Amino acid sequence: MKLVTCCSFKGGAGKTTALMGLCSALTSKGKRVALFEADENRPLTKWKRNALSRDAWDPSCEIFVAEELPLLEAAYGQAEAEGFDYALADTHGGSSELNNTIIASSQFLIVPTMLTPIDVDEALATFRYIMELLLSENLVVPAVILRQRVPVGRLTASQRSMLDMLAELPLVDKPMYERDAFATMKDRGMLHLNIRNTAGNAAMRLGLRNLATAMEELNELGRFVDDALER
Ligand SMILES: Nc1ncnc2c1ncn2[C@@H]1O[C@H](COP(=O)(O)OP(=O)(O)OP(=O)(O)O)[C@@H](O)[C@H]1O
Ligand SMILES: [Mg+2]
């Protein structure tokens with residue numbers, strides 16, 4: 001089982017959304033995904049509840065509450081024993097012993113960031129913190145920055161200079177764009193199932209195209225993560 005974690009010091013950086021999207025991409029390929037809910041606000045549990053009410057939850061995907069160390073350990077053991085292909089951990093913002101343990105146990109780390117100066121500053125601090133933590137534990141875990149909520153259209157000068165600041169760091173090759181399809185995932189459930197449920201609805205044809213574009217981007221994110229895990 002491969003543990004992939006989204007983390008950042010900054011609240012609202014897009015961790016949970018990136019994780020939900022990655023979960024949808026992997027699940028749509030028939031992978032079994034365990035979700036470690038390490039944020040006491042339990043956004044993934046809410047996601048599942050909303051998804052079930054819209055028939056947009058794949059039952060092969062399971063949530064494990066992991067908001068305390070003993071729960072995390074139990075979740076890890078159980079998910080591994082049950083043969084999940086991936087565990088995706090959604091952390092709370094900031095640093096904690098729980099987050100440190102998750103980071104040190106991961107095979108791949110994703111630090112999402114929006115392109116504002118405050119967000120990029122926090123992303124750089126998170127990245128440095130991760131590197132120091134791994135170094136102190138003598139671990140090598142690949143970590144990448146995911147540019148999150150990037151406008152589809154023209155970027156402002158400030159956003160472009162933030163991109164320049166990130167250019168030195170390992171990046172997910174494509175950003176996650178600011179899209180309704182991503183913003184509404186938390187209410188609508190897994191994107192690929194949302195697409196399936198919408199497919200027969202002629203009135204939704206244009207909306208469907210937007211969902212499909214967003215899904216293709218998530219699939220690319222899934223392939224990027226898989227390639228990184230194989231290396
Ligand atoms: N690519 C995106 N396109 C549009 N909206 C997005 C995107 N990514 C995140 N959002 C929205 O931004 C807000 C914050 O995202 P999210 O909850 O994923 O951040 P987070 O880092 O998990 O926050 P927290 O620190 O509170 O856990 C949410 O309302 C979400 O719907
Ligand atoms: Mg979150």
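Just so you know, ligand 1 is whichever comes first in the structure, and atom 1 is the first atom listed for that ligand. The structure presented is a predicted model; accordingly, all values stated were derived computationally and were not measured. Excluded from the calculations below are hydrogen atoms, water molecules and symmetry mates; all remaining heavy atoms, backbone and side chain alike, are included.
Looking at Ala13 next to ligand 1, an N or O pair under 3.5 Å apart turns up. Residue contacts with ligand 1: Gly93 is placed with no nitrogen or oxygen under 3.5 Å of a nitrogen or oxygen of the ligand (distance criterion only). Ligand 1 has a nitrogen or oxygen under 3.5 angstrom from a nitrogen or oxygen of Tyr177. Remark: ligand 1 and Thr91 share no N or O pair separated by less than 3.5 Å (distance only, no angle test).
Closest to atom 18 (O) of ligand 1, if we only count protein heavy atoms, is Thr17 OG1, 2.5 Å. At the top of the distance list for atom 19 (O) of ligand 1, counting protein heavy atoms only, stands Gly14 N, 3.0 Å. At the top of the distance list for atom 28 (C) of ligand 1, counting protein heavy atoms only, stands Lys186 NZ, 3.8 Å. Nearest non-hydrogen protein atom to atom 23 (O) of ligand 1 is Gly12 N, 3.0 Å. When hydrogens are left out, the protein atom nearest atom 11 (C) of ligand 1 is Arg149 NH1, 3.6 Å; that is the closest non-hydrogen contact. Ranking protein heavy atoms by distance to atom 5 (N) of ligand 1, first place goes to Ala183 CB, 3.5 Å. Closest to atom 8 (N) of ligand 1, if we only count protein heavy atoms, is Gln148 NE2, 3.1 Å.
No hydrogens or angles considered: a donor-acceptor pair under 3.5 Å links the side chains of Asn219 and Lys29. Looking at Glu122 and Ser8, their side chains never bring a donor and an acceptor atom within 3.5 Å of each other.
A salt bridge between Glu178 and Arg149 is present, with a side-chain N of the basic residue lying under 4.0 Å from a carboxylate O of the acidic one.
Around the CD atom of Glu168, the shell of radius 6.0 Å holds no more than 12 heavy atoms that belong to other residues, nucleotides or ligands. Under a cut-off of 6.0 angstrom, the local environment of CG in Asn210 is crowded, with over 12 non-hydrogen atoms contributed by other residues, nucleotides or ligands.
Side-chain atoms of Phe36 and Leu88, non-hydrogen and from C-beta on, never get closer than 4.5 Å to each other. Counting heavy atoms from C-beta outward, Leu166 and Leu115 have side chains that approach closer than 4.5 Å. The side-chain heavy atoms of Phe182 and Leu218, taken from C-beta on, include a pair separated by under 4.5 Å.
Remark: side-chain polar atoms of Asn99 are not paired, donor with acceptor, to backbone N or O of Thr91 under 3.5 angstrom.
In terms of hydrophobic clustering, with Ile, Leu, Val, Met, Phe, Trp and Tyr side chains grouped at heavy-atom distances under 4.5 Å, Val120 and Tyr177 are assigned to a common cluster. Residues Ile195 and Met204 do not share a hydrophobic cluster, clusters being chains of Ile/Leu/Val/Met/Phe/Trp/Tyr side chains in contact below 4.5 Å. Linking Ile, Leu, Val, Met, Phe, Trp and Tyr whenever their side-chain heavy atoms come within less than 4.5 Å leaves Ile110 and Val141 in two separate clusters.
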Inset, instruction - Determine, stepwise, if the pair Tyr86 / Asp226 fulfils side chain to side chain donor-acceptor pair (under 3.5 Å). - result: CA-CA 10 Å; Tyr86 299 85; Asp226 261 341; 2.3 Å; yes
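Against a heavy-atom cut-off of under 4.0 Å, Glu178 is close to the following atoms of ligand 1: 3 (N), 4 (C), 5 (N). Atom numbering of ligand 1 starts at 1 in the shown order; those under 4.0 Å from a heavy atom of Gly11 are 25 (O). Residue Asp39 approaches ligand 1 through these ligand atoms, each under 4.0 Å from one of its heavy atoms: 27 (O).
Excluding waters, the set of protein N/O/S atoms under 2.8 Å from the Mg ion (ligand 2) reads Thr16 OG1.
If you look at Arg179 next to ligand 1, the close heavy atoms, those under 4.0 Å, all belong to the backbone.
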